[in-house]
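Step one of this worksheet: look at the structure below.
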Amino acid sequence: MNDFIRVPSEYAIDFTLDGLDMNSKDLSILRPRKEFDWDDFYRQGTPPWDTGLLEPDLKRLVDEGIVAPCPALELGCGSGIEAIYLAKKRFDVTAVDCSAMAIDRAQSRARSQNALLRIVHDDVFKFCNSLKYKFDFVYDIGFYHFIRKHHLSAFIDLLWKITRKGSLYFTLAGSDEEEIEESFSHQNFLPTVCYDDIFNELGTLFEVVEIRPGTIYSRAREEPYKAWACLFRRPW
């Protein structure tokens, strides 16, 4: 895998705040931030997270019957690899992403593979807040490990809204056991998290089914990176 792109240099690392870049100690060089646009990554080529490869840790859950066909929601589906896989395994899949170009790729891939699923172009939070129903299986590949640094409480509230007693939640998150330089992590969207933080953060809503070492693919290198493959169940 090659020809991946990096985060444009004009973006600040903390792009979740609007307005001025207040990280600088020199107030004379404060400048307006550019509004973050996920489509920029797709316009430049193939983003590092869009590998075209099915993550084996999610596949294992299906192969071993740990997760059976049911109404499922993917948060931040990208170009749809996992969503299409589950749809072809008879899951009733809804997949949402804020990038119009990612959604176009997902829809094209679904058509080419004759996969039936709902692919929605919308902000994940806005979409989930508008839902009137809940899912038996919710999952993401890297959404939690990315959003947790700035919007953890809102994300836990989102999971509360879209799950019910017995619902399963799976996330694949970059592992702190992978030694990655901070600048490289930022440039290639490879945030990491430790076992204890996962347990303490997601354990406020869910009981742990398993948190085990896994892998997550990136175009930044051929071999996958270390990850935590995390499965939770909502007890109430």
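Everything quoted here is computed from the prediction, not taken from an experiment.
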Is there a side-chain contact between [X] and [Y] in this structure, where contact means two heavy atoms from C-beta onward sitting under 4.5 Å apart?
| X | Y | result |
| --- | --- | --- |
| L152 | Y144 | yes |
| P191 | K149 | yes |
| E74 | I141 | yes |
| L75 | I147 | no |
| R233 | L168 | yes |
| L159 | L202 | yes |

Closer than 3.5 angstrom, by distance alone: can the side chain of [X] be matched with the main-chain N or O of [Y] as a donor-acceptor pair?
| X | Y | answer |
| --- | --- | --- |
| W228 | V193 | yes |
| R234 | W160 | yes |
| S185 | L190 | yes |
| S175 | E177 | yes |
| T94 | R118 | no |

Is there a path of hydrophobic side-chain contacts, each under 4.5 Å between heavy atoms of I/L/V/M/F/W/Y residues, joining [Y] to [X]?
| X | Y | result |
| --- | --- | --- |
| F155 | I198 | yes |
| Y85 | F135 | no |
| V120 | I162 | yes |
| V138 | I211 | yes |

Can you name the nearest heavy-atom pair linking [X] to [Y], along with the distance?
| X | Y | result |
| --- | --- | --- |
| F232 | V209 | C-CG2, 3.9 Å |
| H151 | F125 | CB-CZ, 4.5 Å |
| W38 | Y42 | O-CD1, 3.6 Å |
| I156 | E201 | CD1-O, 3.7 Å |
| G76 | V124 | N-CG2, 3.9 Å |
| R221 | E178 | NH2-OE1, 3.1 Å |

Worked verdict on D57 versus F170 for side chain to side chain contact (heavy atoms under 4.5 Å, CB included): CA-CA 10 Å; D57 292 289; F170 173 78; 4.1 Å; yes
Separation of L116 CG from R111 CZ (nearest 0.5 Å): 12.5 Å
Q107 CD to I84 CD1 distance, which is reported to the nearest 0.5 Å: 10.0 Å
Can you give each donor-acceptor pair under 3.5 Å made by side-chain atoms of residues 95-104, sequence neighbours left out, with the distance rounded to 0.1 Å?
| residue | atom | partner | partner atom | Å |
| --- | --- | --- | --- | --- |
| D97 | OD1 | S99 | N | 2.9 |
| D97 | OD2 | C77 | N | 3.3 |
| D97 | OD2 | G78 | N | 2.9 |
| S99 | OG | D39 | OD1 | 2.5 |
| S99 | OG | M101 | N | 3.4 |
| S99 | OG | A102 | N | 3.1 |

Only one of [options] clears side-chain contact (heavy atoms from CB on, under 4.5 Å) with [X]; which?
| X | options | value |
| --- | --- | --- |
| R105 | D50, I81, I119 | D50 |
| C128 | D122, L158, D123 | L158 |
| L172 | T215, I216, D140, L58 | I216 |
| F137 | T163, L73, L86 | L86 |

Given F41, F143, F146, Y217, the one that forms ring pair (Phe, Tyr, Trp, His ring centres under 6.0 Å) with W49: F41
Within 6.0 angstrom of K89 NZ, more than 12 heavy atoms from elsewhere: no
With Y169 via ring pair (Phe, Tyr, Trp, His ring centres under 6.0 Å) - residues at least two apart: F206
Output side-chain donor-acceptor pairs under 3.5 Å for residues 61-72, partner residues at least two apart or in another chain, one line each.
| residue | atom | partner | partner atom | Å |
| --- | --- | --- | --- | --- |
| D63 | OD2 | K59 | NZ | 2.6 |
| E64 | OE1 | R60 | NH1 | 3.3 |

Pair D176 + K226, salt bridge at N-O below 4.0 Å: no
